[in-house]
Amino acid sequence: MPAADPAVKNGKTNASSRLPNLQPQEKINLFRQMLLIRRFEEKAKQAFTQTKIKGFCHLYNGQEAVAVGTISVLNEDDAVITAYRDHGHALVRGTDPNACMAELFGKITGCSRGKGGSMHFFDAKRHFYGGHGIVGGQIPLGTGLAFAQKYLGTNRVTLAYMGDGAINQGGVHEAMNLAALWKLPVVYIIENNEYSMGTSIARSSAGDPLTKRAGAFDMAAIQANGMDIDDVRAKTFEAVSLARTESQPTLMEIRTYRYFGHSMSDPGNYRSKDEIEQRRQSDPIELYKTRLLEQKVVTEEALNAIDEEVSAQAQAAYDFADQSPEPELETIYEDIFAPEDQIPEFRPDLREQK
Amino acid sequence: MPTLTYREALNEALSEEMERDDRVMLMGEEVAEYDGAYKVSKGLLKKFGPKRIIDTPISEAGFTGLAIGAAMYGLRPVVEFMTWSFSLVAYDQIINNAAQIRYMSGGQFSIPIVFRGSSGGGLQVGATHSHTPENWYANVPGLTVITPSFPDDAKGLLKAAIRSNNPVCFLENEKLYGYKDEVPEGDVLVEIGKAKVRREGSDITIVSNSGSTHRALNAAKQLEAEGISCEVIDLRTIKPLDFATIAESVAKTNRVLIVEENKPFAGWGAQVAYQVQRELFDDLDAPVHRVTSIDVPQPYNGRLEQAVLPNEERVIAAVKEVLA
Ligand SMILES: Cc1ncc(C[n+]2csc(CCOP(=O)(O)OP(=O)(O)O)c2C)c(N)n1
Ligand SMILES: [Mg+2]
């Protein structure tokens, strides 16, 4: 395991409030959410091999504790935005697994009406702002969500996720500068799974740890062990508190690992089977399971029953997606422009544009 | 009717719309304390304060993306590019995010945002600073592209753009900021997507926009002395294209010349020419002709740059060619 603690902070004070202790049921719920993501994606993987899912499909397998842990300290009306490895974030935000799977199948019942695909999940009602395919492109957007939250006086915060590869995009640094300069309530979360596609972090990124990048902006920075959901929760809580109470941004680096290829089309020749096997030994779901059993929060039988439940949910999502209708061809022309309400509609001839 | 410069007209539009709606704010380089690189935002900081008139660092990708995110969240930002030439470092944000998020999300998000700033050549600032990129943006589904030529349209169209619930690229023309003309007082909007006949004529239809509308009008004045009557259409909005106004005019003149500052390959005029031949073939008495910038990077030297631009001599020669 890469070292995950201790927290590195750049001279910013910790916000005072403390992470509340979880009730047994809440702990079980975290376990359930992680396992749902895993079972959901196992189904997705199967559907991809059956060619029911096309295009790019990036699995979150191994990283579940990051989305579940970080989002667990948010309020429902806080904002979440991430890159294309987005299935986990959407599911944790509460997007219906059926709608997620249907999106992967390109069906009209999908969470983006079959127009986004795996990389572009969206769920406005649940404050999930996507699902973004251009590496790093979502970080300025997330900074803007936080800008608007502050402008409107909402006291809400934004979690903006990116991969370890994305941290090398210029726009990410521009956005971090703006957030620090304008004191925006945003938490940037690098999900460092050690690879950007086939390029290891050692070959892509100068400076270790990545949280050092925050130093230039005098921004708070903190690291967490992404295989340990309790650590993820504790560290994210600090960052979220700083955002909410002092309107200050934080850069978090959460060390994690993905077990499968970059996407379903990646043979993975850049790392050894041994490496993956070794990492699987510190699996976040197994680790948490052991902890819950040790704490006698739950019995093994009860956890097995949860596994059955979420597996059934994943299967139901698969069936739902499979049986859902294709979008009608006319939907090609829908969802391009928002209806106007302050000026006349100015493109009734849209369909005629050749 | 009061007379205003193009710059003052834009300033009034911004000011009036910001007064109407608290969610409208302006951000960009030097827009606040410096009053804008071209003084379009003059006095707005004093009037609306630093929460709503925001100086940004030189980070087009960063603040453009930030503004798009803020628009997703319900604000109605106006983003000023010091010039549209600098929008290139924010191209990804405008195209992949502003233009496409609504579609990719199945209609869940609206992006009510205006990107605006100066554009165009003729100021001897060299190739990096002289772009006329309306055709680059018009090529992208989801974007509305507006290029006003006169102060009244500058004001009325900017007000409409700010009230639109969709992303609008609003390309002002650097050479026109000082141009003075009458502007109706008060809350007068100009409809987006409607061209305007700026001069009536019977021999040929000249389709133009922005600075090229002025070139076309000047050429038409000179041609009138030679007994040639030109009808000049100012597109005002590039996309959506008001083809109906073009068709009505061509039915009368049967001849078409397009004048645009884009480089020739896939400039918006190529689209107009295609639609004219496709839909008005029987109306035509001569092939459609087009005057564009010459297909080279913009030279600094003044004599060379004037030759590169679709100048009046080239417009006049082209009219005569079509009528020959
Ligand atoms: C601007 C851009 N360049 C390249 C790509 C192709 N691409 C997609 S994901 C990826 C690797 C990104 O790795 P990282 O940021 O670490 O995220 P991870 O996939 O590990 O979650 C690349 C190169 C892209 N989508 N966007
Ligand atoms: Mg990575």
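Chain A is the first sequence line, chain B the second, and so forth, proteins listed ahead of strands; every chain is numbered from 1. None of these values were measured; they are calculated from a predicted model. Hydrogens, waters and symmetry mates play no part in the numbers below; they use all other heavy atoms, side chains included.
One finds no salt bridge joining B:D242 and B:R236 here, because no Lys/Arg side-chain nitrogen approaches an Asp/Glu carboxylate oxygen to under 4.0 Å. Electrostatic pairing of B:K155 and B:E16 counts as a salt bridge here, judged by a charged N lying under 4.0 Å from a carboxylate O.
Heavy-atom pairs under 4.5 Å with chain B peak, among A:G116, A:A79, A:A124, at A:A124. Across A:P140, A:G131, A:P344, the residue that shares the most heavy-atom pairs under 4.5 angstrom with chain B is A:P140. Interface summary for chain B: among A:Q149, A:H132, A:Q138, A:M176, the most heavy-atom pairs under 4.5 angstrom belong to A:Q149. Between chain B and the options A:F122, A:W182, A:F121, the largest number of non-hydrogen pairs under 4.5 Å is found for A:F122. Taking chain B as the reference chain and counting heavy-atom pairs below 4.5 Å, the highest number among A:D123, A:I81, A:T331 is found for A:D123.
Ring geometry, A:F217 versus A:H173: the interplanar angle falls from 30° to 60°, so the pair is classed tilted. Ring geometry, B:F63 versus B:F81: the interplanar angle falls from 30° to 60°, so the pair is classed tilted. Note on ring orientation: taking the six-membered ring where Trp is involved, the planes of A:F56 and A:H58 are tilted (angle from 30° to 60°).
Contact of A:L145 with chain B is made through backbone and side chain together, with heavy-atom distances under 4.5 Å. Interface remark: B:E60 contributes backbone atoms only to the contact with chain A (heavy atom separation under 4.5 Å). For B:L75, the part sitting under 4.5 Å from any heavy atom of chain A is the side chain, from C-beta outward, and nothing else. No part of B:T64 comes within reach of chain A, as not one of its non-hydrogen atoms sits under 4.5 angstrom from that chain. Neither the backbone nor the side chain of B:I58 comes within contact range of chain A; no heavy atoms are under 4.5 Å apart. Neither the backbone nor the side chain of A:P327 comes within contact range of chain B; no heavy atoms are under 4.5 Å apart. Within the 4.5 angstrom heavy-atom criterion, atoms from both the backbone and the side chain of A:D341 approach chain B. The part of A:L184 that comes within reach of chain B is its side chain, from C-beta onward, which places non-hydrogen atoms under 4.5 angstrom from that chain.
The residue from B:E19, B:E17, B:E12 that alone fulfils the salt bridge (charged side-chain N to carboxylate O under 4.0 Å, His left out) condition with B:K159 is B:E17.
In the model, B:Y73 has a side-chain atom that pairs as donor or acceptor with a side-chain atom of A:R156 under 3.5 Å. A donor-acceptor pair shorter than 3.5 Å can be found between the side chains of A:N168 and A:S205. No side-chain N or O of A:T158 forms a donor-acceptor pair with one of A:Y129 less than 3.5 Å apart. For the residue pair B:T147 / B:N209, a side-chain donor-acceptor distance below 3.5 Å is found, with atom types taken as modelled. Residues B:R102 and B:S110 bring a donor and an acceptor atom of their side chains to less than 3.5 Å of each other.
For A:E174 (side chain) and B:A61 (main-chain N/O), a donor-acceptor pair under 3.5 Å exists by modelled atom type.
Annotation: residues 82-113 of chain A contacts chain B through A:C111, A:S112, A:R113 [non-hydrogen atoms, separation under 4.5 Å].
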